Amino acid sequence: METLQNQNVLLFTRTMGLGGTENVVLQLCEILNPVVNKVVVCSCGGVNEKRLLAMGIKHYTIPDIEKKDLKTVFSTLSQVKKIVKKEKITIVHVHHRMAAFYIALLKMQNNRLKFFATAHNTFTDKNGLTRFAYKNASVIACGEEVKTNLIEYYHLSKNKVAVIHNAVKPYMESIKPDAYLKKLKEDGYIIVGNIGRLSEQKGMEYFIDSYKKVHESIDKLKYVVVGQGEDEQTLKRKVKEENNQDNIIFLGYRSDIQNIIAQMDYIVLSSLWEGLPLTPIEAFSVHRPVIGTAVDGTKEIIENGNNGFLIAPRSAHEIAEKVIELAKNEKERLEMGEHAYTTYKEKFDFSVFQANVLDFYKQRI
């Protein structure tokens with residue numbers, strides 16, 4: 001009988017940079033490393049390679065799997081095949097559709113290889129590639145909306161897709177004050193945060209656009225944006241053109257997200273699409289409510305009017321309305337924060353995720 005402790009696991013993702021998917025890969029490393037024979041990771045690299053090194057996990061750098069020219073495809077396939085052979089891999093767990101495509105090809109040559117895949121987002125493109133990539137995989141969907149997408153759009157078999165919600169660890173440390181946020185609180189400001197990659201997906205422009213209406217109603221309130229990304233300079237120019245540099249502040253990348261959120265009053269998630277986002281879970285873990293767009297997995301986290309508000313995407317007006325409502329009603333804000341924490345403990349605590357992941361692995365080896 002095969003057991004977990006005999007397994008050699010390859011976690012195959014696009015990057016080990018900053019982002020929710022990369023956080024999940026790190027969590028899987030932490031969960032699996034003590035109970036399997038070994039874990040290795042392959043990706044095109046990034047800042048989180050340091051975290052892997054600290055955990056004693058080997059990282060193989062491969063080409064960026066978003067590049068689909070024939071030379072890169074053949075090179076990548078060859079490199080992954082060598083990693084599987086060298087490390088005597090028994091389970092490959094992928095975190096990107098192109099990674100799944102490569103392992104689907106490898107599995108045609110090595111049917112004994114166990115093939116797991118986590119779907120982190122909903123999509124409506126690349127139908128043929130996606131169906132081929134996931135056809136022979138045991139799939140984890142990070143939320144019910146992602147599972148529905150896989151079944152209804154890509155026609156995956158319902159019994160091949162399990163839902164395991166993303167999670168974050170509880171924040172057990174004392175708050176380490178950020179000098180800027182501390183000064184804002186001392187000066188009596190309400191702090192509204194938006195945390196995420198500065199990219200089209202996160203809808204930051206609508207968050208920025210909402211400030212004008214908020215400022216007309218609430219004087220002592222600041223917006224704080226946490227994150228980096230390809231749209232950073234565009235967003236900063238937008239803020240500067242509107243003379244809001246003192247009202248909408250960019251903190252850049254922070255590794256201590258829960259610590260930072262705990263120093264804010266509430267959070268806005270302005271995303272245009274999501275799988276099951278970590279930001280509202282991180283906010284809930286430190287008793288902060290979230291105003292989030294009613295897209296995909298966000299609707300599985302935020303209960304409208306209970307632990308936050310759900311609003312339409314691409315609506316600066318609706319963001320402003322709910323920001324104003326919570327700014328004017330401290331009692332509602334605090335009550336929602338407590339409801340948010342209850343949701344976190346019941347559904348999104350790391351221990352729940354850990355138990356579900358280990359159960360998924362044990363049932364499929």
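Model, not experiment: these values are computed from the prediction. Heads up: numbering here begins at 1 and tracks the sequence.
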Chemist: Looking at Asn166 and Leu276, would you say the former's side chain and the latter's main chain have a donor-acceptor pair under 3.5 Å?
Modeler: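 Pair found, side chain donor or acceptor close to backbone of Leu276.
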Chemist: Is the backbone N or O of Phe360 less than 3.5 Å from a side-chain atom of Arg364, with the two atoms forming a donor-acceptor pair by type?
Modeler: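 It does hold such a pair.
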Chemist: Sequence neighbours left out, what passes side-chain contact (heavy atoms from CB on, under 4.5 Å) with Cys42? Give chain and number order.
Modeler: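 If we apply the side-chain contact (heavy atoms from CB on, under 4.5 Å) test to Cys42, skipping adjacent residues, the hits are Leu10, Phe12, Tyr60, Ile62, Ile83.
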Chemist: Centre-to-centre under 6.0 Å for Phe132 and Phe101, is that the case here?
Modeler: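 They qualify: ring centres under 6.0 Å apart.
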Chemist: Could you measure the distance from the CE atom of Met55 to the CG atom of Leu53? Nearest 0.5 Å is fine.
Modeler: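 Rounded to the nearest 0.5 Å, the CE-CG separation comes to 10.0 Å.
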Chemist: Kindly say whether the aromatic ring centers of Phe353 and Phe348 come within a distance under 6.0 Å.
Modeler: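 No.
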Chemist: Can you tell me how far NE2 of His215 sits from CG of Leu221, rounded to the nearest 0.5 angstrom?
Modeler: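 Result: 9.5 Å between the selected atoms.
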Chemist: Taking the side chain as C-beta and beyond, is there a heavy-atom pair between Glu242 and Asp209 under 4.5 Å?
Modeler: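 Yes - at least one pair of side-chain heavy atoms lies under 4.5 Å apart.
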Chemist: Can we call the ring centroids of Tyr134 and Tyr154 under 6.0 Å apart?
Modeler: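 Between Tyr134 and Tyr154, the centre distance exceeds or equals 6.0 Å.
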Chemist: How far apart are the closest heavy atoms of Thr298 and Pro277, and which atoms are they?
Modeler: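 Distance-wise, the nearest heavy atoms are OG1-CG, 3.4 Å.
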Chemist: Ignoring hydrogens and angles, tell me if any N or O in the side chain of Tyr344 forms a donor-acceptor pair with the backbone of Val168 under 3.5 Å.
Modeler: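 A pair under 3.5 Å: yes.
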Chemist: Side chains of Thr90 and Asn6: do they bring a donor and an acceptor to under 3.5 Å?
Modeler: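 Thr90 vs Asn6: no donor-acceptor pair found between side chains.
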Chemist: Heavy atoms only: give me the nearest Ser210-Phe207 pair and the separation to one decimal.
Modeler: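 That would be OG-O, 2.6 Å.
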Chemist: Do the side-chain N and O atoms of Asn136 and Lys107 include a donor-acceptor pair separated by under 3.5 angstrom?
Modeler: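 Looking only at side-chain atoms, Lys107 and Asn136 do not form any donor-acceptor pair under 3.5 Å.
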Chemist: For Asp178 and Leu181, indicate whether the former's side chain and the latter's backbone hold a donor-acceptor pair under 3.5 Å.
Modeler: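 Checking the backbone N and O of Leu181 against the side chain of Asp178, a donor-acceptor pair under 3.5 Å is found.
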Chemist: Report yes or no: does Ser315 contribute a side-chain atom to a donor-acceptor pair with the main-chain N or O of Ala312 at less than 3.5 Å?
Modeler: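 Pair absent, no side-chain N/O of Ser315 close to backbone of Ala312.
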Chemist: Mind checking side-chain hydrogen bond (donor to acceptor under 3.5 Å, both in side chains) for Lys362 and listing every partner two or more places apart, or none if nothing turns up?
Modeler: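 Checked Lys362 against side-chain hydrogen bond (donor to acceptor under 3.5 Å, both in side chains); zero matches.
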Chemist: Do you know the tightest heavy-atom contact between Lys322 and Ile311?
Modeler: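 Between these two residues, the closest heavy atoms are CG-CG2, 3.8 Å.
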Chemist: For the residue pair Gln201 / Ser271, report whether a side-chain donor-acceptor contact shorter than 3.5 Å exists.
Modeler: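 The criterion, which ignores hydrogens and geometry beyond distance, is not satisfied for Gln201 and Ser271.
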Chemist: Has Lys147 got a side-chain atom pairing as donor or acceptor with Val161's backbone, closer than 3.5 angstrom?
Modeler: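 It does hold such a pair.
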Chemist: Quick one: does any side-chain atom of Asn259 pair with a main-chain N or O of Ile175 as donor and acceptor, under 3.5 Å?
Modeler: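 Pair absent, no side-chain N/O of Asn259 close to backbone of Ile175.
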Chemist: Identify the heavy atoms of Glu200 and Asp231 that sit nearest to each other, and give their distance.
Modeler: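 Closest approach of Glu200 to Asp231, heavy atoms only: N-OD2, 3.2 Å.
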Chemist: Listed by chain and number, what are the side-chain hydrogen bond (donor to acceptor under 3.5 Å, both in side chains) partners of Glu332, not counting sequence neighbours?
Modeler: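 So Glu332 forms no side-chain hydrogen bond (donor to acceptor under 3.5 Å, both in side chains) with any residue.
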Chemist: Check step by step if side-chain contact (heavy atoms from CB on, under 4.5 Å) holds for Leu77 and Leu106.
Modeler: CA-CA 8 Å; Leu77 184 62; Leu106 278 189; 4.1 Å; yes
Chemist: Could you go step by step and tell me if His59 and Ser43 meet the side chain to side chain donor-acceptor pair (under 3.5 Å) rule?
Modeler: CA-CA 8 Å; His59 175 267; Ser43 79; 2.7 Å; yes
Chemist: Kindly compute the distance separating CG (Leu269) from NZ (Lys202), expressed to the nearest 0.5 Å.
Modeler: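 Reported value, rounded in 0.5 Å steps: 6.0 Å.
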Chemist: How close do Ala327 and Ile190 get, heavy atom to heavy atom, and via which atoms?
Modeler: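 So the minimum-distance heavy-atom pair works out to O-CD1, 3.5 Å.
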Chemist: Walk me through whether Glu87 and Lys38 qualify under salt bridge (Lys or Arg N to Asp or Glu O under 4.0 Å).
Modeler: CA-CA 9 Å; Glu87 298 291 345; Lys38 65 178 166 185; 2.6 Å; yes
Chemist: In terms of side-chain heavy atoms, does Gln79 have a donor or acceptor partner in Ser75 at a distance below 3.5 Å?
Modeler: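 There is such a pair (donor and acceptor under 3.5 Å, judged by atom type) between the side chains of Gln79 and Ser75.
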Chemist: Report yes or no: does His339 contribute a side-chain atom to a donor-acceptor pair with the main-chain N or O of Asn306 at less than 3.5 Å?
Modeler: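 Yes; judged by distance alone, with no hydrogens or angles, the pair exists.
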Chemist: Would a 4.5 Å heavy-atom cut-off, applied to side chains only, mark Val295 and Leu272 as touching?
Modeler: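 A side-chain contact is absent here, since even the closest heavy-atom pair is not under 4.5 Å.
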Chemist: State plainly whether one hydrophobic cluster holds both Met98 and Val25, where clusters connect Ile, Leu, Val, Met, Phe, Trp and Tyr through side-chain heavy atoms under 4.5 angstrom apart.
Modeler: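 Not linked; separate clusters.
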Chemist: Working to the nearest 0.5 Å, report the span between CD1 of Ile164 and OG1 of Thr118.
Modeler: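 Ile164 CD1 to Thr118 OG1: 7.0 Å, rounded to 0.5 Å.
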Chemist: Among side-chain atoms of Ser285 and Gln258, is any donor-acceptor pair under 3.5 angstrom?
Modeler: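 Yes, Gln258 and Ser285 have a side-chain donor paired with an acceptor closer than 3.5 Å.
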Chemist: Under a 3.5 Å threshold, yes or no: a donor from one side chain and an acceptor from the other, between Asp359 and Gln363?
Modeler: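 There is such a pair (donor and acceptor under 3.5 Å, judged by atom type) between the side chains of Asp359 and Gln363.
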Chemist: Do we get Arg97 above Phe123's six-membered ring, with its NZ or CZ under 6.0 Å from the centre and within 45° of the axis?
Modeler: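 Geometry flag: set, cation within 6.0 Å and 45°.
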Chemist: Quick check for you: to the nearest 0.5 Å, what is the distance between Tyr206 atom OH and Arg314 atom CZ?
Modeler: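 With rounding to 0.5 Å, OH (Tyr206) is 4.5 Å from CZ (Arg314).
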Chemist: Between Glu325 and Lys328, does any side-chain N to carboxylate O distance fall below 4.0 Å?
Modeler: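 No, Glu325 and Lys328 are not salt-bridged.
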Chemist: With rounding to the nearest 0.5 Å, note down the distance linking NE2 in His165 to CG in Asp349.
Modeler: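 So the NE2 of His165 and the CG of Asp349 are separated by 14.0 Å.
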Chemist: Using a 4.5 Å cut-off on heavy atoms from C-beta on, say whether the side chain of Val226 contacts that of Ile260.
Modeler: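 Sidechains of Val226 and Ile260: in contact.
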Chemist: If every non-hydrogen atom of Lys213 is compared with every non-hydrogen atom of Ile324, which pair is closest and at what distance?
Modeler: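 Scanning both residues, the minimum pair turns out to be O-CD1, 3.9 Å.
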